[in-house]
**Q** 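This structure is in structure tokens; I'll ask about it shortly.
Every heavy atom of this structure was used, including side-chain atoms; hydrogens, water molecules and symmetry mates were not.
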Amino acid sequence: MAQFDMEMLRALPAVRLDTTTAVTDGVRRFDGFLMRDLLAHVGAQGTAVTARALNDYAIDIAIEEFDRFDVLVAYEMDGEPLLPSDKGPLWIVYPRDQHAELQDIRFDYRWVWQLRWLEIR
């Protein structure tokens, strides 16, 4: 098991992504780190990740998606820290504008906001 605080997460290689979302208006700018970088950092072995939110929403995501797409774990949107009152402190964000297939509603369910923990299986 690995535990991270925000300082540790911000020490991962930073990535910026501009994309639309299914729950906000217009193109938004997200800053964070790539999910695959986090998984590599902890030496994760497995084929799937269960992502769970503060409200206990959970979804399984195939790890290969993190290799195929630049899936971000965002801690800022439009230059402002994500707060628990609005999708934060962490939000899984897909590069939906860069890949037409990611605009499918099945991928929208994987945008876990208020991300609390990940379980690798």
Side-chain angles (χ1 to χ4, degrees):
M1 184 165 99
Q3 291 186 328
F4 291 85
D5 61 23
M6 192 58 73
E7 183 178 335
M8 295 165 73
L9 294 173
R10 286 180 173 269
L12 292 167
V15 176
R16 177 169 284 168
L17 172 66
D18 295 323
T19 192
T20 58
T21 82
V23 295
T24 60
D25 294 326
V27 174
R28 307 308 286 264
R29 186 183 79 225
F30 295 96
D31 290 287
F33 52 88
L34 293 177
M35 180 69 84
R36 67 175 167 256
D37 288 346
L38 175 64
L39 297 178
H41 184 75
V42 299
Q45 299 290 318
T47 59
V49 169
T50 300
R52 186 173 301 274
L54 290 173
N55 68 358
D56 285 329
Y57 173 80
I59 192 161
D60 294 332
I61 304 170
I63 286 179
E64 70 93 22
E65 286 184 16
F66 305 135
D67 292 328
R68 195 169 74 200
F69 305 113
D70 290 336
V71 178
L72 190 76
V73 179
Y75 43 72
E76 289 184 5
M77 182 173 68
D78 297 331
E80 297 293 325
L82 287 166
L83 302 174
S85 59
D86 185 30
K87 314 276 188 288
L90 299 170
W91 187 3
I92 296 176
V93 177
Y94 278 74
R96 75 190 314 257
D97 292 353
Q98 289 80 5
H99 304 274
E101 67 189 284
L102 295 179
Q103 295 174 23
D104 185 297
I105 193 169
R106 290 174 291 182
F107 284 96
D108 292 341
Y109 292 121
R110 298 172 194 170
W111 289 56
V112 178
W113 57 71
Q114 295 179 321
L115 181 64
R116 181 177 65 165
W117 63 262
L118 302 169
E119 179 183 354
I120 292 92
R121 300 177 280 101

**Q** Name all residues meeting the ring pair (Phe, Tyr, Trp, His ring centres under 6.0 Å) criterion together with F66; count only those two or more places apart in sequence or in a different chain, and write none if there are none.
**A** none
**Q** Between E76 and R28, is there a side-chain N and carboxylate O pair less than 4.0 Å apart?
**A** no
**Q** Any salt bridge (charged side-chain N to carboxylate O under 4.0 Å, His left out) pairs touching residues 84-98, not counting sequence neighbours?
**A** R96-D108
**Q** Specify whether F30 and W91 have parallel, tilted or perpendicular ring planes, treating 30° as the upper limit for parallel and 60° as the lower limit for perpendicular.
**A** perpendicular
**Q** Heavy-atom count check: over 12 atoms from other residues, nucleotides or ligands less than 6.0 Å from N55 CG?
**A** yes
**Q** Quick one: do V93 and T21 satisfy side-chain contact (heavy atoms from CB on, under 4.5 Å)? Show the steps, please.
**A** CA-CA 8 Å; V93 177; T21 82; 5.6 Å; no
**Q** Please enumerate all residues that pass side-chain hydrogen bond (donor to acceptor under 3.5 Å, both in side chains) together with R121, with sequence neighbours excluded.
**A** T50, D60
**Q** List for me each residue that meets ring pair (Phe, Tyr, Trp, His ring centres under 6.0 Å) alongside F69, sequence neighbours excluded, and say none if there are none.
**A** H99
**Q** Hey, mind stepping through R110 and I92 against side-chain contact (heavy atoms from CB on, under 4.5 Å) and telling me if it holds?
**A** CA-CA 7 Å; R110 298 172 194 170; I92 296 176; 5.7 Å; no
**Q** Among residues at least two apart in sequence or on other chains, which ones pass side chain to side chain contact (heavy atoms under 4.5 Å, CB included) with D56?
**A** R52, R116
**Q** Evaluate the criterion side-chain contact (heavy atoms from CB on, under 4.5 Å) for residue pair I63 and T47; output intermediate values, then yes/no.
**A** CA-CA 5 Å; I63 286 179; T47 59; 5.7 Å; no
**Q** Mind listing the closest non-hydrogen atom pair of A2 and V42 along with its distance?
**A** CB-CG1, 3.9 Å
**Q** Sequence neighbours left out, what passes side chain to side chain contact (heavy atoms under 4.5 Å, CB included) with E80? Give chain and number order.
**A** none
**Q** Looking at W111, I'd like to know if its CH2 atom is crowded, meaning that more than 12 non-hydrogen atoms belonging to other residues, nucleotides or ligands lie closer than 6.0 Å.
**A** yes
**Q** Quick one: does D78's side chain have a donor or acceptor within less than 3.5 Å of a partner on R29's backbone?
**A** yes
**Q** How long is the straight-line distance from CG of D70 back to OG1 of T19, given to the nearest 0.5 Å?
**A** 11.5 Å
**Q** Between Y57 and Q114, is a side chain to side chain donor-acceptor pair (under 3.5 Å) present by the stated rule, with each step listed?
**A** CA-CA 9 Å; Y57 173 80; Q114 295 179 321; over 6 Å; no
**Q** Show your reasoning for whether salt bridge (Lys or Arg N to Asp or Glu O under 4.0 Å) applies to E101 and R68.
**A** CA-CA 12 Å; E101 67 189 284; R68 195 169 74 200; 3.5 Å; yes
